[in-house]
Amino acid sequence: MADYAAFYQRSLQDPDAFWREEAARIDWQKSPTRICDASRPPFVRWFPDGTTNLCHNAVDRHLPERADQPALIWVSSETGEEKTYTYAELDREVQRMAAIFFDLGVGLGDRVLIYLPMIPEAAFAMLACARIGAIHCVVFGGFASGSLASRIDDARPTLVVSADAGSRGGKVIPYKPLLDGALAQAQHKPHAVLLVDRGLAPAARVAGRDHDYTSLRERHAQAEVLCAWVPATHPGYVLYTSGTTGKPKGVQRDTGGYAVALAASMAHVFAGKPGDTFFCASDIGWVVGHSYILYGPLLAGMATVMYEGLPIQPDAGVWWRLVERHRVNVMFTSPTAIRILKRHDLAHLKASDLSSLRTLFLAGEPLDEPTAAWVAESLGVPVTDNYWQTETGWPILTLARGVQPDQPAKLGSPGVPLYGYRVGLFDDVTGEPLTEPGRKGVLGIEGPLPPGCLQTLWGNDARFVSTYWQSIPGRQVYSTFDWATRDADGYYTILGRTDDVLNVAGHRLGSREIEEAITGHPGVAEAAVVGVADADKGQVAVAFVVPRAAGPLEDATQGEALTAEILARVAADLGPVARPARVVLVPVLPKTRSGKLLRRAIQAVCEGRDPGDLSTMEDAAALQHIRP
Ligand code: AMP
């Protein structure tokens with residue numbers, strides 16, 4: 001049996017040889033002769049003289065052997081629909097979508113913003129972009145007008161693809177009014193909007209701008225659109241994520257490096273094989289959805305399950321019935337989903353034949369031991385935690401099940417660094433590498449980052465360098481902005497973010513973004529949003545708000561009215577996903593003498609911990625108003 005430690009060492013000692021071998025997992029129009037160009041750190045160009053296409057590798061390449069094999073299995077427990085697309089059918093739909101994009105003026109390098117629920121058209125649209133060398137920017141359907149508008153202005157898309165509505169827990173969520181609101185708010189005006197009409201909600205079309213997908217699809221029934229061969233370094237997509245400022249960061253990824261990294265991870269990390277069925281229960285609006293609902297499984301010639309709905313709707317057996325029906329081999333979800341399922345009768349799980357399932361992978365937030373133990377015991381399969389982020393595109397820390405299946409897991413730890421990642425812990429003040437076991441430091445990665453990681457931030461190289469590469473004092477090391485420790489065996493434990501990023505149910509949200517939405521209310525003077533530990537969701541957002549007038553503080557009715565307006569405002573602006581679990585009205589917020597909000601101290605008090613050193617605090621009494 002292969003030894004993971006040796007595999008890992010080889011990836012660091014001879015990265016060119018290592019990644020040259022991995023590059024053979026995909027098709028190239030022109031094979032790369034150069035593997036890694038790191039001549040301009042911290043920027044890195046993987047396979048710089050190779051040309052390829054992500055859609056060719058995800059779809060066309062499989063047609064000779066797997067035209068009739070399921071490629072995309074779409075299941076909606078919201079509408080009760082289910083549809084399987086073979087590779088041949090997927091290919092047809094993607095070519096039609098690509099032809100529509102051409103019709104609507106999308107060309108190489110143009111951005112297409114995709115604001116869609118979990119429907120097959122989302123996959124068609126992403127793959128169609130890849131096919132013609134357009135850059136997709138998928139915006140999570142749970143975001144609302146304000147979030148959408150800021151992404152439209154940053155990405156400057158030629159086309160927006162959207163739908164009449166999504167559905168959550170049986171409740172229709174109209175998308176079109178949110179999109180229209182965003183387009184009215186945004187400075188940039190896309191040429192066209194392509195609308196998928198699911199028949200869920202009325203969606204008036206703006207003449208000259210909005211186009212109906214169904215009729216255009218008919219028109220292009222037989223369309224043939226060739227894959228555009230692009231340099232490996234051609235941007236494949238931009239995916240926005242939250243940071244410390246209110247302005248989201250457009251994580252930009254390449255084409256060739258990403259394809260190689262994902263193809264390698266399907267084999268080495270997920271131990272998957274062509275023909276397997278992979279079920280990743282996430283959303284295409286998040287990085288997990290990009291990498292492991294869409295591209296990873298398809299690159300590997302698997303069938304991928306795309307699921308619209310909740311894990312407990314119509315009941316907590318819905319996912320397990322799906323595993324049985326489609327003989328799912330590998331499953332991937334978040335700890336939050338498992339915590340929710342854990343509260344339901346185990347009979348739901350036991351009622352299905354889960355014998356096809358080999359492994360469950362969990363990621364996106366810390367995995368607590370009781371949840372890990374419960375699900376491993378209930379399913380009777382190994383459960384593997386994996387730690388990564390939007391920026392890296394594939395796991396940083398985990399156990400490479402495809403390399404060494406018996407590598408021991410340790411409860412509470414996602415595992416060890418994956419091949420290609422030079423991971424270390426660094427002192428946040430001195431920047432010194434921390435080598436002794438047990439020391440807490442910032443998890444950093446020495447450059448060059450392996451293939452598949454972000455190339456830069458869209459349109460903002462300077463922010464890419466200053467945010468990620470200049471945060472660890474005195475050295476140019478990539479910061480993950482996570483605290484961690486490492487034990488004597490090299491296993492890491494993640495302790496939480498070093499910045500003001502919240503992680504609610506595995507969804508990443510920025511404190512500043514939510515605070516800005518709240519302070520947009522005319523009755524609000526200031527706000528502080530912190531993530532507070534929660535038994536189900538890992539964290540929830542709690543907002544401490546200073547009203548402009550004393551009324552809402554003194555009068556309960558006025559206070560309730562303001563609170564309701566604040567919650568509604570955040571939902572309308574950012575989306576329900578960002579709505580705080582609680583709003584607490586306070587007369588003053590704890591700050592340092594230089595006026596910096598003491599979010600860490602607020603968070604500590606909310607979690608019943610010691611708020612730490614308060615010597616820099618302007619008014620020590622301010623903390624008295626903070627209540628868990
Ligand atoms: P995102 O970019 O939305 O995927 O969020 C990435 C962040 O989620 C990381 O920086 C961590 O703070 C957290 N995270 C992701 N996976 C894990 C994990 N397996 N264990 C602990 N934290 C995680």
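For clarity, every value in this text was computed on a predicted model and none was experimentally measured. Atoms within each ligand, like the ligands themselves, are counted from 1 in listed order.
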Worksheet item: What atoms of ligand 1 come closer than 4.0 angstrom to any heavy atom of N503?
Response: 8 (O), 13 (C)
Item to complete: Taking only heavy atoms of D482 into account, list the atoms of ligand 1 that are under 4.0 Å away from them.
Response: 9 (C), 10 (O), 11 (C), 12 (O)
Discussion item. Is there a polar contact, in the sense of an N or O pair closer than 3.5 Å, between T241 and ligand 1?
Written reply: no
Item to complete: Mark up the atoms of ligand 1 that fall under 4.0 Å of a heavy atom belonging to N386, in ascending order.
Response: 16 (N), 18 (C), 19 (N)
Worksheet item: With a cut-off of 4.0 Å, which atoms of ligand 1 are near a heavy atom of I494?
Response: 21 (C), 22 (N)
Cut-off 3.5 Å, no hydrogens considered: what does the side-chain donor-acceptor table look like for residues 435-449, sequence neighbours left out?
unit_1: E436; atom_1: OE2; unit_2: R439; atom_2: NH1; d: 2.6

Item to complete: Give a yes/no verdict on a cation-pi contact between R582 and F544, requiring under 6.0 Å between NZ or CZ and the six-membered ring centre and an angle within 45° of the axis.
Response: no
Worksheet item: How would you list, by chain and number, every residue that makes a side-chain contact (heavy atoms from CB on, under 4.5 Å) with S11, sequence neighbours excluded?
Response: Y8, F18, Y419
Fill in: Check: D254/T233 side-chain N/O donor and acceptor closer than 3.5 Å
no
Practice prompt. Could you list which atoms of ligand 1 come closer than 4.0 Å to a heavy atom of T390?
Written response: 1 (P), 2 (O), 3 (O), 4 (O)
Item to complete: Indicate, as side chain, backbone, both or neither, the part of P414 found under 4.0 angstrom from ligand 1 when only non-hydrogen atoms are considered.
Response: neither
Worksheet entry | R156, CZ atom: more than 12 neighbouring heavy atoms under 6.0 Å | no
Response to the item:
atom 5 (O) of ligand 1: closest protein heavy atom, distance to 0.1 Å, is R508 CD, 3.5 Å
Worksheet item: Q603 side chain to G531 main-chain N or O, any donor-acceptor pair under 3.5 Å?
Response: yes
Item to complete: Decide whether the shortest distance between a heavy atom of G364 and an atom of ligand 1 is less than 4.0 Å.
Response: yes
Discussion item. Classify the ring geometry of Y237 against Y258: parallel below 30°, tilted from 30° to 60°, perpendicular beyond 60°.
Written reply: perpendicular
Worksheet item: What part of W388, side chain from CB on, backbone N/CA/C/O, both or neither, has a heavy atom under 4.0 Å from ligand 1?
Response: backbone
Worksheet item: Is a side-chain donor or acceptor of S413 paired with a backbone partner of K410 at a separation under 3.5 angstrom?
Response: no
Discussion item. Side chain, backbone, both or neither: which applies to E365 and ligand 1 if a contact is any heavy-atom pair less than 4.0 Å apart?
Written reply: backbone
